[in-house]
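Chain naming here is simple, since letters A, B, ... match the order of the sequence lines and numbering starts at 1 in each. Owing to the predicted nature of the structure, the values given are computational and were not obtained by experimental measurement.
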There are 2 protein chains.
Amino acid sequence: MKQKNIRIKDIAAMAGVSEGTVDRVIHKRGKVSSDAADKVNKVLAEIEYTPNLLARTLGTARNYRLIAVIPHPESDPYWKQSFEGLEQGEAELAQFGITMSVERFFYDPTKKESFQQVTLKAFHSKPDGILVAPLFYYASVPFLKELSESKIPFIQFNTRIEQAKSLSFIGQDLFQSGRLAAELISLGNAGNGSYILLHVEEDLPNSIHLLEKEKGFKNYFETELAPQPNHIKSYTLPDSTHVLFEKELQSILRTPNLKGIYVTNSKAYLIATYLEKEKQQVRLIGYDLVEENINYLRKGMIQFIIHQNPKRQAKLGIRTLVNYLLFDKKPTALNLFPLEVITKTNLDSYQI
Amino acid sequence: MKQKNIRIKDIAAMAGVSEGTVDRVIHKRGKVSSDAADKVNKVLAEIEYTPNLLARTLGTARNYRLIAVIPHPESDPYWKQSFEGLEQGEAELAQFGITMSVERFFYDPTKKESFQQVTLKAFHSKPDGILVAPLFYYASVPFLKELSESKIPFIQFNTRIEQAKSLSFIGQDLFQSGRLAAELISLGNAGNGSYILLHVEEDLPNSIHLLEKEKGFKNYFETELAPQPNHIKSYTLPDSTHVLFEKELQSILRTPNLKGIYVTNSKAYLIATYLEKEKQQVRLIGYDLVEENINYLRKGMIQFIIHQNPKRQAKLGIRTLVNYLLFDKKPTALNLFPLEVITKTNLDSYQI
DNA sequence: ATGAAAGCGCTAACAC
DNA sequence: GTGTTAGCGCTTTCAT
């Protein structure tokens with residue numbers, strides 16, 4: 001009954017070959033006669049061999065080098081959280097005595113050139129694996145293609161370039177995210193209202209991911225609330241320091257029968273500030289648990305935050321890469337994170 | 001710069017003692033002169049020693065035995081999910097070659113005697129650790145006390161007996177959970193409505209955890225919506241097969257100006273069935289991603305489900321126990337899970 | 001009380 | 001090609 005775990009040694013004995021040969025067959029390291037290979041494979045087919053992953057890493061001295069390419073942590077609290085996720089992932093490795101370095105290459109999320117420069121450097125340093133948040137579509141495509149061609153395994157997170165042959169994408173379904181925002185913003189409002197979608201401080205042509213959210217948002221109203229005469233409009237706002245910001249926002253807020261505002265990035269607090277000043281009551285939905293948003297969530301000026309869990313994304317990215325490189329574990333191509341709904345009341349339960 | 005990881009061997013050399021002695025000091029396995037202990041401790045204080053957890057498990061032959069005490073998986077889809085979490089946790093261990101068995105002891109969640117019987121058996125089998133969902137308050141107190149006294153480490157999950165000295169509690173803050181339900185149910189409803197809280201098919205005296213939710217629910221209306229003249233009432237409904245079930249529910253649904261119903265357990269679908277039949281429009285909130293709830297969520301008859309993530313709770317329970325037993329890692333006393341809000345639209349993102 | 005040494009299961013280097 | 005063997009860092013047993 002108590003079937004002891006089968007080891008390579010056992011397999012070797014059963015197949016009548018040596019441990020080394022079994023290892024070579026299992027890992028396809030070549031240099032093995034088809035005769036021996038057959039014997040081993042036969043045994044392998046009969047038994048259930050689950051390698052001991054602990055022992056495997058202990059045995060291998062090899063030092064892997066990973067590179068993480070993300071926006072600079074100081075550029076935005078959101079990316080700070082990703083950065084912390086990397087650190088946690090790395091700490092986890094250290095604990096298990098896995099010698100794997102995680103170099104961080106930062107770029108300026110507002111400058112395409114910065115991204116290009118950094119990715120070039122990353123590529124030339126020939127790491128064993130890359131974890132990248134490819135914010136810039138057009139700059140990412142060639143980079144990721146180069147990685148594929150050089151057989152450098154990589155994982156995309158946060159933003160997805162669909163055609164890239166990444167090991168895995170870790171992040172959220174942005175179309176659904178937009179739909180969720182629409183559901184939450186319209187909840188309890190019985191028809192015929194106006195809803196505004198706002199891209200704040202974004203370089204839209206370069207941020208196709210935001211357009212996914214927009215599509216989802218509109219889709220929800222069309223498919224789920226069709227008979228109700230709702231008005232949906234989307235705007236792009238400039239940098240909040242820009243003179244036009246306030247002016248444009250002001251006119252937007254004068255939209256008749258305005259029921260809700262959906263901000264597609266983490267800048268909802270900018271709108272909240274303004275609403276607070278004007279004492280206007282509009283349902284406001286945004287993204288990410290950054291401090292300013294949290295404050296307005298607490299005050300009740302923001303009703304919902306959709307959380308992307310950047311920390312967990314980054315941590316999982318590291319873990320996935322390690323599993324692949326060290327343990328031969330192929331990840332799922334798409335690792336879609338839950339669309340987490342945060343309100344004033346469940347906020348604390350999300351703060352670790 | 002590239003400080004190689006310090007091993008026990010290094011410490012031994014630095015302290016001028018043998019590896020065995022260092023090991024004895026680190027693990028306080030006794031049998032070491034104060035002289036030698038001092039030397040080792042001195043080195044330990046100067047350097048940063050992080051044991052290689054991989055090597056540690058490889059080295060230990062010891063076979064640990066865990067016991068999980070949960071309601072029978074077939075008694076409720078919710079507990080089925082917990083059960084699956086246990087399986088996942090166990091699979092994870094196997095992967096790493098950790099030889100640790102997880103026996104499952106099931107009880108009938110509607111019968112206190114069944115719980116008592118099972119816990120007695122668990123206790124007598126003297127396992128190395130226990131993971132328990134202590135649904136019955138009065139029956140749990142003495143059991144958990146016995147565990148403490150016999151120094152059998154245990155973790156509570158799902159339900160928490162506060163005074164028990166468990167290694168850790170894994171679950172949700174139910175008071176906050178009630179508050180969250182109140183927030184979601186009242187959202188967008190401008191004042192003066194009636195809200196009903198429903199305990200369905202529950203033996204209330206034995207389910208003090210449900211009373212926590214009730215307190216939280218009422219608390220939210222008092223503290224956050226005080227000036228608005230809302231009416232909150234709570235009821236307990238019998239088994240749905242009972243003749244009184246429909247009758248009582250019917251009279252409840254005739255509450256004037258009824259805006260929302262909050263079901264404190266996973267039985268919201270029973271109410272949804274009825275609402276659907278009567279074509280009554282009331283906001284409905286319940287717990288747990290069980291199939292019937294999911295169906296009504298999809299249909300739009302249930303607006304929100306608060307998810308407790310039983311699978312992850314159970315999995316983490318196993319992992320925590322292993323970390324404690326094998327790696328000497330003390331868990332946090334309170335591991336509160338996020339209060340996850342599920343709607344029709346983000347549901348799919350939660351289905352793994 | 002302490003040191004030496006034999007594993008744990010696997011990988012990799014080295015003979016043959 | 002194939003078998004043998006020396007580790008990886010730790011625990012544990014066995015002398016001393």
Side-chain angles (χ1 to χ4, degrees), chain A residues 4-41 44 47-64 93-100 325-329, chain B residues 4-41 44 47-64 93-100 325-329:
Chain A
K4 226 212 159 289
N5 243 322
I6 299 171
R7 292 121 63 222
I8 285 202
K9 192 180 194 168
D10 303 321
I11 299 174
M14 291 161 84
V17 297
S18 75
E19 290 186 50
T21 303
V22 175
D23 183 73
R24 281 183 277 260
V25 171
I26 288 176
H27 293 291
K28 310 197 208 314
R29 300 196 218 279
K31 271 91 209 318
V32 41
S33 69
S34 59
D35 180 41
D38 286 350
K39 282 193 286 187
V40 174
N41 282 321
L44 246 26
I47 56 119
E48 190 110 346
Y49 173 60
T50 50
N52 182 331
L53 300 187
L54 257 55
R56 181 177 292 180
T57 27
L58 237 204
T60 55
R62 183 144 159 43
N63 262 343
Y64 287 93
L93 297 185
Q95 276 260 315
F96 287 97
I98 299 175
T99 55
M100 167 127 32
L325 292 172
L326 243 55
F327 304 137
D328 259 338
K329 291 219 244 178
Chain B
K4 224 207 157 294
N5 243 322
I6 299 172
R7 292 122 61 221
I8 285 200
K9 193 180 195 170
D10 303 319
I11 298 174
M14 291 161 85
V17 297
S18 75
E19 290 186 51
T21 303
V22 174
D23 183 73
R24 281 182 277 259
V25 171
I26 289 176
H27 293 293
K28 310 198 209 318
R29 301 197 217 276
K31 270 88 204 324
V32 42
S33 70
S34 58
D35 181 42
D38 286 349
K39 283 193 286 188
V40 174
N41 280 321
L44 244 28
I47 56 118
E48 190 111 344
Y49 173 60
T50 48
N52 182 329
L53 300 186
L54 258 57
R56 182 176 292 180
T57 25
L58 238 204
T60 54
R62 182 146 161 39
N63 262 343
Y64 287 93
L93 297 186
Q95 276 259 316
F96 288 98
I98 299 175
T99 54
M100 167 128 30
L325 292 172
L326 243 55
F327 303 137
D328 259 340
K329 291 218 246 178

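In this structure, A:Asn52 places its CG atom 16 Å from P of D:dG9, rounding to the nearest Å. When the P atom of C:dG9 is taken as reference, atom CZ of A:Arg7 falls 5 Å away, rounded to whole Å. If you take CZ of A:Arg29 and C1' of C:dA13, they are 12 Å apart, rounded to a whole angstrom. Rounding to whole angstrom units, CZ of residue B:Arg56 and P of D:dC8 are separated by 19 Å. Per the geometry, CD1 belonging to A:Ile8 stands 14 Å off P belonging to D:dG3, to the nearest Å. Between A:Gln95 atom CD and D:dG9 atom C1' there is a gap of 15 Å when expressed in whole angstrom units. We find that CD1 of B:Ile11 is positioned 12 Å from C1' of D:dC10, with the value rounded to whole Å. Taking atom NZ on A:Lys31 and atom P on C:dC16, their separation rounds to 19 Å, with Å as the unit.
Judged as a side chain to side chain donor-acceptor pair (under 3.5 Å), and not counting sequence neighbours, A:Lys9 has no contacts.
Here the CG atom belonging to B:Leu53 is positioned 6.0 Å from the NZ atom belonging to B:Lys329, to the nearest 0.5 angstrom. One finds the CG atom of A:Leu58 at 8.0 Å from the OG1 atom of B:Thr57 (value rounded to the nearest 0.5 Å). The distance from atom NZ of B:Lys28 to atom CG of B:Asp328, rounded to the nearest 0.5 Å, is 9.0 Å.
When heavy atoms are screened at a 4.0 angstrom cut-off, A:Ala12 is found touching no nucleic acid atom at all. Nucleic acid contact class of B:Tyr49 (heavy atoms, under 4.0 Å, all strands): sugar-phosphate only.
Between A:Ile8 and A:Tyr49 the shortest side-chain heavy-atom distance falls below 4.5 Å.
Of the residues in residues 18-28 of chain A, those lying under 4.0 Å from DNA chain C by heavy-atom distance are A:Asp23, A:His27.
Counting all heavy atoms, side chain and backbone alike, B:Thr21 lies closest to B:Ala36 at CG2-CB, 4.1 Å.
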